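The structure appears below as structure tokens.
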Amino acid sequence: MIGVGRLAVRVAPRAGDDLRQIFSDFTMWIYCFDDELCDEGPLRDRPGELAEAMGRIHRCGEVIEEALYEDDRYGMSLRDLRTCLRSSASPAESDRFIQAMRGHFQVEAAQAGFLARKQQPGLDAYTLISVQFGGALAMAGLAGAINCADTPPPHLLSDRSAHAITELAGTIATWTNSVISIPKEHERAPDGFNPGSRQM
């Protein structure tokens, strides 16, 4: 059980119900997307086709004024999430969220490349791409958006120390999730991409 509602309340105890709902919805979205399309789906080891599919999904989230690729449920639901965030938080936070998702899609394509080559990443390579795994930076930005009444000032958004702390928080969350996911990955996707799931 993921417990997205409990997670949302812990992440944003002072946020309104609408913003906590957005966080909960995105948490479910990212888990379903990762499992169905990236980790266990037919495109998991076909990086070119996966990148094309993710490009369509991301474009749906970028262009909220018009419904693109209406038959793509992940694209349409990402568009809905961004539209809700734009209304409940701010257009600026909505823009930052969808920009952060680009990094997540990039590392999912990189993982598919490793699987296509039947390679396991070394520690350095895994650490590099794990910063963006599971939409970690998008989720960190989303958590900031729903906890703050106003958009952070530009000088804070461009501060390198603040960016480093955000990346560190995302990496810790990603590696924690990797450990928690070991039993599931052994059973459903035993490719060894998660270092913790490899047979030693």
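Everything quoted here is computed from the prediction, not taken from an experiment.
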Inset, instruction - State, to 0.1 Å, how close Ala138 and Met101 come at their nearest heavy-atom pair, and which atoms those are. - result: CB-SD, 3.6 Å

Inset, instruction - Measure the spacing between CD of Glu40 and CG of Asp34 and express it to the nearest 0.5 Å. - result: 10.0 Å

Inset, instruction - Write down the atom of Pro47, the atom of Ala116, and the distance for their closest heavy-atom approach. - result: CD-CB, 3.8 Å

Inset, instruction - Run the salt-bridge test on Arg56 and Glu52 with the 4.0 Å N-O cut-off and return the result as yes or no. - result: yes

Inset, instruction - For residues Leu19 and Ile22, determine if any side-chain heavy atom of one lies less than 4.5 Å from a side-chain heavy atom of the other. - result: yes

Legend entry - 4.5 Å side-chain heavy-atom contact, Val4 and Phe26: no

Inset, instruction - Would you give the length of the straight line joining atom CD of Glu108 to atom CG of Leu43, rounded to the nearest 0.5 angstrom? - result: 12.0 Å

Legend entry - Side chains of Glu93 and Leu142 in contact at under 4.5 Å (non-hydrogen atoms): no

Inset, instruction - Taking all non-hydrogen atoms of both residues into account, name the closest pair between Ser161 and Asp159 and its distance. - result: N-OD2, 2.9 Å

Inset, instruction - Identify the two heavy atoms, one from Pro91 and one from Arg86, that lie closest to each other, and give their separation to 0.1 Å. - result: CB-NH1, 3.4 Å

Legend entry - Under 3.5 Å: donor-acceptor pair, side chain of Arg20, backbone of Ala15: yes

Inset, instruction - Hey, could you give me the CD1/CG distance between Ile30 and Asp35, rounded to the nearest 0.5 Å? - result: 10.5 Å

Donor-acceptor list for residues 57-64 side chains, cut-off 3.5 Å, not counting sequence neighbours:
{"residue": "His58", "atom": "NE2", "partner": "Ile98", "partner atom": "O", "Å": "2.8"}
{"residue": "Arg59", "atom": "NH1", "partner": "Glu62", "partner atom": "OE1", "Å": "3.1"}
{"residue": "Glu62", "atom": "OE2", "partner": "Arg102", "partner atom": "NH2", "Å": "2.7"}

Legend entry - Minimum-distance pair of heavy atoms, taken over all atoms of Trp29 and Tyr74: NE1-O, 3.2 Å

Inset, instruction - Report yes or no: do Trp175 and Leu137 belong to one cluster of Ile/Leu/Val/Met/Phe/Trp/Tyr joined by side chain heavy-atom distances under 4.5 Å? - result: no

Legend entry - Reported CG-to-CG distance for the pair Asp80 and Leu85, which is rounded to 0.5 angstrom: 12.5 Å

Inset, instruction - Flag yes if more than 12 heavy atoms outside Arg117 fall under 6.0 Å of its CZ atom; otherwise flag no. - result: yes

Inset, instruction - Could you walk me through whether Phe133 and Tyr126 pass the ring pair (Phe, Tyr, Trp, His ring centres under 6.0 Å) test, one step at a time? - result: CA-CA 10 Å; Phe133 267 166; Tyr126 185 83; 5.7 Å; yes

Inset, instruction - Drop me the distance from Ser77's OG to Arg82's CZ, to the nearest 0.5 angstrom. - result: 14.5 Å

Legend entry - Between Asp25 and Gln21: side-chain donor-acceptor atoms closer than 3.5 Å: yes

Inset, instruction - State yes or no: do Leu168 and Leu123 share one hydrophobic cluster built from I, L, V, M, F, W and Y residues joined by side-chain heavy-atom distances below 4.5 Å, directly or via other members? - result: no

Legend entry - Min side-chain heavy-atom separation Phe97-Leu78 under 4.5 Å: yes

Inset, instruction - Can you see which heavy atom on Phe105 is nearest to which on Met54, and at what distance? - result: O-CE, 3.0 Å

Inset, instruction - Start with the C-alpha distance between Arg79 and Leu68, add both sets of side-chain angles, then the distance that settles side-chain contact (heavy atoms from CB on, under 4.5 Å), and finish with yes or no. - result: CA-CA 9 Å; Arg79 174 177 177 263; Leu68 305 177; over 6 Å; no

Legend entry - Ala8 backbone acceptor or donor facing Ser24 side chain under 3.5 Å: no

Legend entry - Val131 vs Thr174 side-chain heavy atoms within contact, under 4.5 Å: no

Legend entry - Euclidean distance, Cys38 SG relative to His104 NE2, rounded to 0.5 Å: 5.5 Å

